[in-house]
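Remarks on the structure that follows.
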Amino acid sequence: MAEKLSYTELYRKLYQYYGPQEWWPSTSDFQMLISAILVQRTNWKNVELALTNLGEDIKAGELIQMEEAVLAEKIRPSGFYRMKAKKIKAWLHWFQKYSFHIKEVQKVDQAVLRKELLAIHGIGEETADAMMLYAFDKPGFIADNYAMRLFDRIGYCLPKTYHAFKTEVEKTFPHDLEMHQEFHALIVEHGKQYCKKTPLCENCPLVSVCRMGSEKTNALI
DNA sequence: ATCCCGCCAG
DNA sequence: CTGGCTGGAT
């Protein structure tokens with residue numbers, strides 16, 4: 001088995017195999033932000049159904065005036081719909097402080113913005129980081145389940161908490177917005193295609209550099 | 001029956 | 001740390 005890859009080398013391997021992902025897969029920054037909440041513990045297809053129900057060109061001003069129960073019904077396909085309706089409302093009230101202008105939010109200091117987002121009911125670290133990365137132009141590593149599973153299997157030593165994992169990767173990975181955007185997208189894509197809960201190591205583009213992949217290969221010999 | 005790009009309350 | 005939240009695809 002080869003030497004352990006740097007995070008940047010891992011990024012390049014994934015990029016070579018999957019190509020540019022150009023995330024987040026939504027039609028506007030506002031949709032991206034809403035869908036970051038809708039997608040919590042839910043598959044993306046169900047998020048698309050919910051987005052369609054909301055209307056493709058939905059605006060923050062309309063959403064904040066919608067009855068919470070009505071909003072809940074519209075986003076029903078995304079699951080946890082009553083909770084998510086509350087979360088979206090809470091987030092909208094925060095967004096209203098910036099007059100619903102994404103550009104205004106982008107001016108806020110990264111650390112300050114992250115704290116503000118985490119203070120909103122229903123916004124945890126992963127959702128906050130996704131919003132910052134794909135709508136507010138703040139680069140950072142998203143230490144989600146896909147990333148943890150992949151990094152664990154590859155054989156990187158794994159920090160215990162989300163935050164420790166995130167800062168560990170950010171120490172050596174370039175502080176570049178587009179690279180972080182692609183990195184997260186590529187990790188998710190890889191997690192869906194090969195590095196699933198029960199991994200499909202056969203034909204995986206990372207077998208040669210993955211501890212788990214090598215073990216499986218060796219076991220077959 | 002299991003799995004989805006989580007988060008919060010207890 | 002655990003349970004609850006919830007629908008839709010497979």
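Chain naming here is simple, since letters A, B, ... match the order of the sequence lines and numbering starts at 1 in each. These numbers come from a predicted model, not from an experiment. Just so you know, these numbers use all the heavy atoms, side chains as well, and skip hydrogens, waters and symmetry mates.
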Options [options], nucleotide nearest the side-chain atoms of [X]:
{"X": "W23(A)", "options": "dC5(B), dC7(B), dG8(C)", "value": "dC5(B)"}
{"X": "R82(A)", "options": "dG8(C), dT6(C), dC7(B)", "value": "dT6(C)"}
{"X": "N43(A)", "options": "dT6(C), dG7(C), dC8(B)", "value": "dG7(C)"}
{"X": "M83(A)", "options": "dC5(C), dG8(C), dG6(B)", "value": "dC5(C)"}
{"X": "T127(A)", "options": "dG6(B), dC3(B), dG7(C)", "value": "dG6(B)"}

Worksheet item: Is there ring stacking between F80(A) and dC7(B), where the centres must be under 5.5 angstrom apart and the planes under 30 degrees?
Response: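 The base of dC7(B) is not stacked with F80(A) (the test needs centres under 5.5 Å and planes under 30°).
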Worksheet entry | Heavy-atom donor-acceptor pair, T127(A) side chain to I123(A) backbone, under 3.5 Å |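 Judged by distance alone, no pair lies under 3.5 Å.
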Discussion item. Reading DNA chain B from 5' onward, which residue's closest nucleotide shows up sooner: Q40(A) or K197(A)?
Written reply: K197(A)
Fill in: Given DNA chain B, 5'-ward residue of the pair P25(A) and L118(A), judged by closest heavy atom
P25(A)
Rounded distance in Å between the [atom1] positions of [N] and [M]:
{"N": "dA9(B)", "M": "dG7(C)", "atom1": "C1'", "result": "23 Å"}
{"N": "dG3(C)", "M": "dC5(B)", "atom1": "P", "result": "23 Å"}
{"N": "dT6(C)", "M": "dA1(B)", "atom1": "C1'", "result": "16 Å"}
{"N": "dC1(C)", "M": "dC4(B)", "atom1": "C1'", "result": "23 Å"}

Separation of [X] atom [atom1] from [N] atom [atom2], in whole Å?
{"X": "I120(A)", "N": "dC8(B)", "atom1": "CD1", "atom2": "P", "answer": "10 Å"}
{"X": "L38(A)", "N": "dT6(C)", "atom1": "CG", "atom2": "C1'", "answer": "13 Å"}
{"X": "K74(A)", "N": "dG8(C)", "atom1": "NZ", "atom2": "C1'", "answer": "20 Å"}
{"X": "Q193(A)", "N": "dC3(B)", "atom1": "CD", "atom2": "P", "answer": "19 Å"}
{"X": "Y162(A)", "N": "dC7(B)", "atom1": "OH", "atom2": "C1'", "answer": "13 Å"}

Would you say [X] reaches [N]'s phosphate, i.e. side-chain N/O to OP1/OP2 under 4.0 Å?
{"X": "Y81(A)", "N": "dC5(C)", "answer": "no"}
{"X": "K192(A)", "N": "dC5(B)", "answer": "yes"}
{"X": "R41(A)", "N": "dC4(B)", "answer": "no"}

Worksheet item: How would you label the contact of T42(A) with the nucleic acid (heavy atoms, under 4.0 Å): base, sugar-phosphate, or nothing?
Response: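 Since a base atom lies under 4.0 Å of T42(A), the category is base.
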Worksheet item: Checking all strands, does V39(A) fall into the base, sugar-phosphate, or nothing category for heavy-atom contacts under 4.0 angstrom?
Response: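 Here V39(A) touches the backbone only, sparing every base.
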Strictly below 4.0 Å, N to O, side chains only: are [X] and [Y] in salt-bridge contact?
{"X": "R82(A)", "Y": "E68(A)", "answer": "no"}
{"X": "K107(A)", "Y": "E104(A)", "answer": "yes"}
{"X": "D129(A)", "Y": "R114(A)", "answer": "yes"}

Practice prompt. Give none if dG4(C) has no partner; otherwise give the nucleotide forming a Watson-Crick or G-U wobble pair with it, both distances under 3.5 Å.
Written response: dC7(B)
Response to the item:
Residues L186(A) and L14(A): closest non-hydrogen pair is CD2-O, 3.7 Å
Item to complete: For the residue pair F183(A) and F151(A), categorise the inter-ring angle as parallel (less than 30°), tilted (30 to 60°) or perpendicular (more than 60°).
Response: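 Plane angle between 30° and 60°, so tilted.
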